[in-house]
Protein chains: 2
Amino acid sequence: MANDNKMNLVILGLLDHEDLTGYDIKKRIDGSLRYFWKGSFGSIYPALSSLEENGLIKRVKSKSNASGRERIVYSITSEGRESLLGWLTESKSSNSLKYETLLKVYFGGAADNVAAIATINEFEKEVEADLAVLRTYKDNLSKVLNERDHVFYYLTVIFGIETYEAYLRWCSEAKRILLDRKYMGNKR
Amino acid sequence: MANDNKMNLVILGLLDHEDLTGYDIKKRIDGSLRYFWKGSFGSIYPALSSLEENGLIKRVKSKSNASGRERIVYSITSEGRESLLGWLTESKSSNSLKYETLLKVYFGGAADNVAAIATINEFEKEVEADLAVLRTYKDNLSKVLNERDHVFYYLTVIFGIETYEAYLRWCSEAKRILLDRKYMGNKR
DNA sequence: GGATTATATATCAATTTGATATATCGTGCA
DNA sequence: TGCACGATATATCAAATTGATATATAATCC
């Protein structure tokens, strides 16, 4: 069906739970999904159009009449659900990680250690803030694991916690190493 | 200078160490950088052209003459080095993570637990293989940390180890949770 | 009442992906 | 000697994505 692009699948997955507008989808991506996924309006709206054209989703409400703000609510179709299921049962996945932070550390030899330490500090600050949020999510979800859907959300939350804690351990260790060698032969 | 796209910076960082061809750059990205960065030929060659046009890099050798295979070796210029340094001293970085694995787990409620477990198993297998490689890198680098450049490489390697170990802990825990609830209310 | 923020869709240039095309070089092996 | 195969090497393309911007209405705050 050639609908194997990632945004299509994110949309199908979200619509499988509830009807949503493009704007709602963006909020979900920036909310629950933010610890393992990213996406922008520039890919959401074209994906919605293409999915609708192919009959995988349909619009259920669209109020652009009279004095109403335009608002297009989409719903998944049975074809869409089928496509989602096909994707979920392919166990092969491709994960794309691009850490600008690590890139700066890798090339850090071209500047002094202070620059690399500042980069790590900035990263550490963000991770600490996110980790605090993830921990409250975990506490709340722990109480409702009797509902099946919550279990899957819970699994992604503990993934975030596990990896963010790893980030923090690395930040400490990396800064320690850089400080220990602060005056080590610097080209500049 | 508007040369703030990511591939430009990867290229400048790599050329700061040694002269390289586009193909060499791809090998470095798929080699030492692969645990925290990705990039394809389709972005490397256009970036090389644009960097050359703007005087941040220059070609030092180019053998397309007579019976020679075409081979364009690039070198960084002082303007390029300046641009690299400017980027390295901006501590703000943007990290883009897209785990298809986690997306499938998050939407896992639409299929049975077996599908999610298979997805996790596949991920676990790849992580284990990569982790073994990272550990040998670490062992080898540990012996040469007296050279400054090795320190920065070492830091990215221990980042990989720390996060990959976190992935494996999560895989075990996630599978345990899913197996415990294997027969929990499945829509299908 | 006026300012600001949230809701909402849409588009654009620039970048990136993933695939494909093309051609040469080096190595193993039969 | 030939020839198949993998590595080297550049380049391009459609499709997807980013990050920004434009436009407009609704809700909230002071």
Side-chain angles (χ1 to χ4, degrees), chain A residues 1-11 19-31 33-34 37-54 57 59-74 92-98 100 103, chain B residues 1-11 19-31 33-34 37-54 57 59-74 92-98 100 103:
Chain A
M1 210 163 284
N3 281 114
D4 53 350
N5 88 53
K6 300 302 165 68
M7 184 51 81
N8 284 358
L9 298 167
V10 173
I11 292 173
D19 295 349
L20 297 167
T21 67
Y23 190 79
D24 291 333
I25 287 164
K26 174 64 170 157
K27 278 195 292 183
R28 297 294 181 286
I29 291 172
D30 292 344
L33 308 193
R34 71 179 287 237
W37 201 259
K38 295 225 189 309
S40 58
F41 286 125
S43 57
I44 292 170
Y45 287 107
L48 284 170
S49 301
S50 124
L51 284 167
E52 193 187 14
E53 233 175 284
N54 291 300
I57 64 173
R59 49 181 85 193
V60 283
K61 264 168 281 177
S62 179
K63 192 183 172 191
S64 58
N65 42 354
S67 65
R69 174 180 59 184
E70 192 174 21
R71 194 182 140 84
I72 309 167
V73 182
Y74 291 94
K92 206 80 185 172
S93 306
S94 78
N95 301 315
S96 156
L97 313 184
K98 288 188 162 190
E100 190 180 3
L103 213 47
Chain B
M1 209 166 282
N3 280 115
D4 54 348
N5 87 53
K6 300 301 165 66
M7 185 51 81
N8 284 358
L9 298 166
V10 173
I11 292 173
D19 295 349
L20 298 166
T21 66
Y23 190 78
D24 291 333
I25 287 163
K26 174 65 172 158
K27 277 194 293 182
R28 297 295 181 285
I29 292 171
D30 292 344
L33 307 193
R34 69 180 288 237
W37 201 259
K38 296 228 187 310
S40 59
F41 286 125
S43 58
I44 292 170
Y45 287 107
L48 284 171
S49 302
S50 124
L51 284 167
E52 192 187 14
E53 232 175 284
N54 291 300
I57 65 174
R59 49 182 84 194
V60 283
K61 265 167 281 178
S62 179
K63 192 180 171 193
S64 57
N65 43 353
S67 66
R69 176 179 56 186
E70 192 174 21
R71 194 181 138 84
I72 309 167
V73 182
Y74 291 95
K92 206 81 188 173
S93 306
S94 77
N95 301 315
S96 156
L97 313 184
K98 287 187 164 190
E100 190 181 1
L103 213 46

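Letters go in sequence order (proteins before strands), and every chain restarts at 1. Not measured: the values here are computed from a predicted model.
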Five-pair end axes of the helix from C/dG1-D/dC30 to C/dA30-D/dT1, angle between them (10°): 30°

Residues in side chain to side chain donor-acceptor pair (under 3.5 Å) contact with B/K92, at least two apart in sequence or another chain: A/E122

Once side chain to side chain donor-acceptor pair (under 3.5 Å) is applied, do any residues pair with A/T21, and if so which ones, sequence neighbours excluded? A/D24

Taking only residues two or more places apart in sequence, or in another chain, which ones meet A/F41 in a ring-ring contact (aromatic ring centres under 6.0 Å, His included)? A/Y45

Name the nucleic acid region contacted by B/K26, choosing base, sugar-phosphate or nothing; use a 4.0 angstrom heavy-atom cut-off, strictly under. nothing

Atom CD of B/E70 and atom P of D/dA7 are separated, to the nearest Å, by 22 Å

Figure out the CH2/C1' separation between B/W37 and C/dT15, and round it to whole Å. 12 Å

Map B/D24 and A/S40 onto DNA chain D by nearest heavy atom, then report which one ends up closer to the 5' terminus. B/D24

To the nearest angstrom, how far is B/Y45 atom OH from C/dT17 atom C1'? 16 Å

For B/D19, all residues meeting side chain to side chain contact (heavy atoms under 4.5 Å, CB included), sequence neighbours excluded: B/V60, B/V73, B/S75

Distance test, side-chain N/O of A/N5 to OP1/OP2 of D/dT17, below 4.0 Å: yes

Nearest whole angstrom, please: distance from the P of C/dA8 to the CZ of A/R59. 15 Å

Can a side chain N or O of A/K98 be found less than 4.0 Å away from OP1 or OP2 on D/dT18? no

Which part of the nucleic acid, if any, lies within contact of B/T21, taking any heavy atom under 4.0 Å across all strands shown: a base, the sugar-phosphate backbone alone, or nothing? sugar-phosphate

Should A/V10 and A/L33 count as side-chain neighbours, where that means a heavy-atom distance under 4.5 Å? yes

Does C/dT7 have OP1 or OP2 under 4.0 Å away from a side-chain N or O of A/Y23? yes

Of the options D/dT18, D/dT8, C/dT7, whose atoms approach the side-chain atoms of A/K38 most closely? D/dT18

Closest non-hydrogen atom pair between B/N8 and B/S50, with its separation: ND2-OG, 4.1 Å

B/K38: partners by side chain to side chain contact (heavy atoms under 4.5 Å, CB included), with sequence neighbours left out: A/K98

Side-chain contact, heavy-atom cut-off 4.5 Å: A/L9 with B/L103? no

Is any side-chain N or O of A/S43 closer than 4.0 Å to OP1 or OP2 of D/dA16? no

Please report, rounded to the nearest Å, how far the C1' atom of C/dA6 is from the NZ atom of A/K27. 8 Å

Given atom CZ of B/R71 and atom P of D/dA7, what is their separation to the nearest angstrom? 17 Å

Considering only heavy atoms from C-beta outward, does the side chain of A/S43 approach that of A/S40 to under 4.5 Å? yes

Taken to the nearest whole Å, CG/A/L48 to P/D/dT17 is 12 Å

Heavy-atom nearest nucleotide on DNA chain C taken for B/M7 and for A/V73; more 5' hit belongs to A/V73

Test of understanding: with side chain to side chain contact (heavy atoms under 4.5 Å, CB included), list the residues that count as partners of A/R59, not counting sequence neighbours. A/E52, A/S62, A/I72, A/Y74

Grab the N/O contacts between the protein and nucleotides 20-22 of chain C below 3.5 Å, and write none if there aren't any.
none

Need to verify one output field. Residue with the more 5' nearest nucleotide on DNA chain D, B/G22 or A/K6? B/G22

Can you check the A/E100 CD to D/dG19 C1' distance for me, whole Å? 14 Å

